[in-house]
Amino acid sequence: MSDNSVKNRIDVLTKEIREADVHYYQNNMPRLSDSDYDKLRQELISLEKNNPDLVLENSPTKSVGAKASNKFGKIKHSIPMLSLDNAFNDADVFDFCSRVKKFLSVSNDFHLLFTSEPKIDGLSASLRYEKGHLISGATRGDGAIGEDVTANLSTIVNIPLILKGSDWPDVIEVRGEVYISHKDFIDMNSKQLSLGKDIYKNPRNAAAGSLRQIDSNITAQRPLKFFAYTWGESSNLPASTQIEFMKLFSKWGFQVNPELRLHSNPQKMIDHYKKIANTRSDLGYDIDGVVYKVNDLLLQKRLGSVTRAPRWAIAHKFPAEKANTTLHKIDIQVGRTGALTPVARLEPITVGGVVVSNATLHNEDELERLNVKPGDVVEVQRAGDVIPQVVRLIKSNDGPKFDMPKVCPVCGSMATRDIDPVTGKMDAVRRCTNGFNCSAQTIERIKHFVSRKAFDIDGLGAKQIEFFYKNKLINEPADIFSLEERNKLIGLNSFEGWGTTSVNNLFLAINEKRTIEFSRLLFALGIRHIGQGNSVIIGRHYLSWSKMLSSLRAAKDYTGELWDDLLSIDGMGNAAATSLVNFFNEPLNINIVNNLLSFIVVQDTLEPSINSKISGKIIVFTGKFEKFSRDEAKSQAQLLGAKVSGSVSAKTSFVIYGPGAGSKYKKARELGITIMSEDEWIEFLN
Ligand code: IVH
C-alpha cells in the first residue's frame, strides 16, 4: 500500500471506530458485534505499528481503545450501602414511628425528632475523603461492593475534590445521590435529537449512563449533580444529630437538600410529605418520595439495621403513576422455580415518563381476579424500579375468556398448583412439574446463578446464557467453570458476535469467581424461600459449607437435634427450613452441587472478628424486658458477635429472662445453663 492509501485507510478506520464507540458508550447501543469491532481495531493497530509516523495524535487506539475491556475496578464499601424500607401510606408512617419507639423501649409520648427530606430519584454514590482529599468514589453496586468511578465522580461540579474548612474527620465517606435536573435533561435530549441520536428515557437513566462512561471526558460533558445525605465510614463522629451532620456537609462544600426539615411527630411528617408532593414538579429534579430519619445519632446507632435497611429511616413513597392502554396478548413465562407467570403485552404507553409495553399479571389467582383478556382496556401502574403491573380492567371486549394453560408452555409437562398441607389452601402460583428437565427452568436458574447478587459474572448476562444453552455449551453451573478448558475444542471466537477480546474478558471474569463466599453460593443455587437475607443468616449459623451439608442431611426426616437447630436460627421460617433440607437431600441437586464444587472453592463465613465476652456464644432471650426492648437486646448481642437463638438446647450459652418467662426458662434450668435476669445481663455486659 502506498503511504497515501495507508493514510486513507487509517482515516477510515479511525472514523468507523469512533462512531462505533459513540454508539456503544454514549448511546448504550452497540452498532457492531464485538468481533467486527475487534477486527477494525486490530487492523488499525497493525497499520500504526508498521507506519509509526502516520499515527494520528488522537488515535482511538491511544485513548478509548483501552476501554474495550469495558470494566471498572471494584471497591468494597467499608460500611455497606444500605437500602431503605418503604412506607406507602399514612398508617405505615405511624407504624414506623411506633416501631422505633418500641425498639428503644420508650413510651409513645416520648419526645423524638425525625428529619424529612426529598428522596432523590438518581443513583447513589459513596465518596471517600482522607485528610480532606477525595481518594475514591464508588457506585452502590450490590451494597457491599461497588464500581470504582472515581474519575467520573471527580468531574461533577458540586463534588469538592478538597473539602472546605478543617473540621472534617481524617477519614470520611460522604454518601448521596447523583442526579440530572429537569432543565439539564431537556437540554441533553435536544442535543441528542439535533445530532440525530436516540433520546434518554428519563433523567435517572441519563444520569446512570453518564456516570458509567469508561471515558471520564464524556462524563465531564454531562450535567451531573450530587446531593449529600448520609455517610459511611467516619474516623470520628463530628456531629450528634442528622441535622448537624448535614450542616457540616454544606460547610465542607456539598450541596444538601434545601427541603430538609425537623418534625416532632408522624402527623407533622405526613403534612410535610403532602406539601412536597404538591410542589413536586417545581423542585426541578425527579424525586420519588420523602425520606424520614431519626435525628439523634446515638439513637440511630442503637437502632442499627436489619440485613438490607436501617431501622432508623424509612422512605415514604409517592403513589405509583397510572395510565390506561389496550392489552393485546397474554404470554406465559416460566421462571426458575417453574412458576408460570402471565405477562401482558400492551399497546406502548408512557407511564411516569417511561414507555411501558409489558406488564406483569403475577399469577393465576391474580389473572382470575383481574378478569382481563386480550382486546380489553386495562389500567397499568409503575412505581420506581418495580416491574409495571396491570391493576384493573377498564373496558372489557367480547372476545373469549383467557384460560391459564395447564401444561408448561415450554416443555409441555403438567403444570400444577400445590396445596398447602397445613391450611389446605391452593397456592396462587401454577408450576411446571418437570424441574431440571424443563429448559426454561434450567436457563432461568443459570441466569440467576450468574446474576449480580449471586456469582456476579461480568459479561455473562441473559443473552449469553441463552446462547450457551442453545448451543449445548452450558447446561448447569459447573459448565461455566469448565468452559475455558473446553474452548480448545469449541473455538468460541469463531461464533457470530464473539471476538477474541470478549472471549478473553469472559474467561477473566469467570476465573475471578472461582472462590466464592458461602452465602453467595447458597443464594446462587436459587433454592425456593432461600433469598439473600436467609442465605446470610444460614451462613452465619453454620459458618462452614461442609457443616451445613452434613447437618441438612442428618435433618432429612425433619426431626432430631439438627432439624431443631436449623429451626432455632433467628429469622428462619418453617417453609425455608423444609425447602433447604429437601434441596440438599435430592440426588439430582447433590450431583449438580458436587460438579460445581469440583471447580470452585467455598469461602467459609468468617466468625465475627469482634472480641467481646459473648462473641460466638449462643444466647436465648425470653420473657418481657424493661430497660430495653427484646429486639434491641437481640440486635445488641448480635453486634457483639453472639448468635441469638429462638430455642434452648444443650448448646445454649446463656438464657436471659424477663417477667413472664416460661418453658424456655424451665428447660434452661433443667439443662443447667447459665441464666441471667435483665439487670444481671446489663451488669455482665457492663
Ligand atoms: S438515606 C442507610 N436519603 O434511596 C441508607 N437515601 O431506596 C441511607 N435515596 O439507597 C439512605 N434520596 O440511594 C437517603 N434523601 C435521601 C435519599 C436516599 C434518595 C436513595 C438511596 C437509597 C435508596 C433507597
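As the structure lists them, so they are numbered: ligands from 1, and atoms in each ligand from 1. Just so it is clear, the model here is predicted, and its values are computed rather than measured.
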Item to check | Counterpart residues, ring-ring contact (aromatic ring centres under 6.0 Å, His included), relative to Phe518 (two or more places apart) | outcome: Trp545
Tabulate below the donor-acceptor pairs under 3.5 Å that side-chain atoms of residues 169-176 make, not counting sequence neighbours, or state none.
| from | atom 1 | to | atom 2 | distance (Å) |
| --- | --- | --- | --- | --- |
| Asp170 | OD2 | Lys131 | NZ | 3.4 |
| Glu173 | OE1 | Ser78 | OG | 3.4 |
| Glu173 | OE1 | Arg175 | NH2 | 3.2 |
| Glu173 | OE1 | Glu233 | N | 3.1 |
| Glu173 | OE2 | Ser78 | OG | 3.0 |
| Glu173 | OE2 | Arg128 | NH1 | 2.7 |
| Arg175 | NE | Ser126 | OG | 3.0 |
| Arg175 | NH1 | Ile79 | O | 3.3 |
| Arg175 | NH1 | Pro80 | O | 3.3 |
| Arg175 | NH2 | Ile79 | O | 2.7 |

Item to check | Asp282 backbone acceptor or donor facing Thr279 side chain under 3.5 Å | outcome: no
Item to check | Validation row, ring centre Tyr129 to ring centre Trp168 under 6.0 Å | outcome: no
For ligand 1, list all ligand N or O to protein N or O distances below 3.5 Å, rounded to 0.1 Å.
| from | atom 1 | to | atom 2 | distance (Å) |
| --- | --- | --- | --- | --- |
| ligand 1 | 3 (N) | Lys293 | NZ | 3.2 |
| ligand 1 | 4 (O) | Lys119 | NZ | 3.2 |
| ligand 1 | 7 (O) | Lys119 | NZ | 3.2 |
| ligand 1 | 9 (N) | Tyr229 | OH | 3.4 |
| ligand 1 | 12 (N) | Ile120 | N | 3.0 |
| ligand 1 | 13 (O) | Ser124 | OG | 3.2 |
| ligand 1 | 13 (O) | Glu177 | OE1 | 3.0 |
| ligand 1 | 13 (O) | Tyr229 | OH | 3.1 |
| ligand 1 | 15 (N) | Glu117 | OE1 | 3.3 |
| ligand 1 | 15 (N) | Pro118 | O | 3.2 |

Item to check | Pairwise side chain to side chain donor-acceptor pair (under 3.5 Å) hits with a residue in residues 532-541, at least two apart | outcome: His541-Asp565
Next on the checklist: Regarding Glu366 and Gln389, do their side chains bring together a donor and an acceptor under 3.5 Å, going by distance alone?
Outcome noted: no
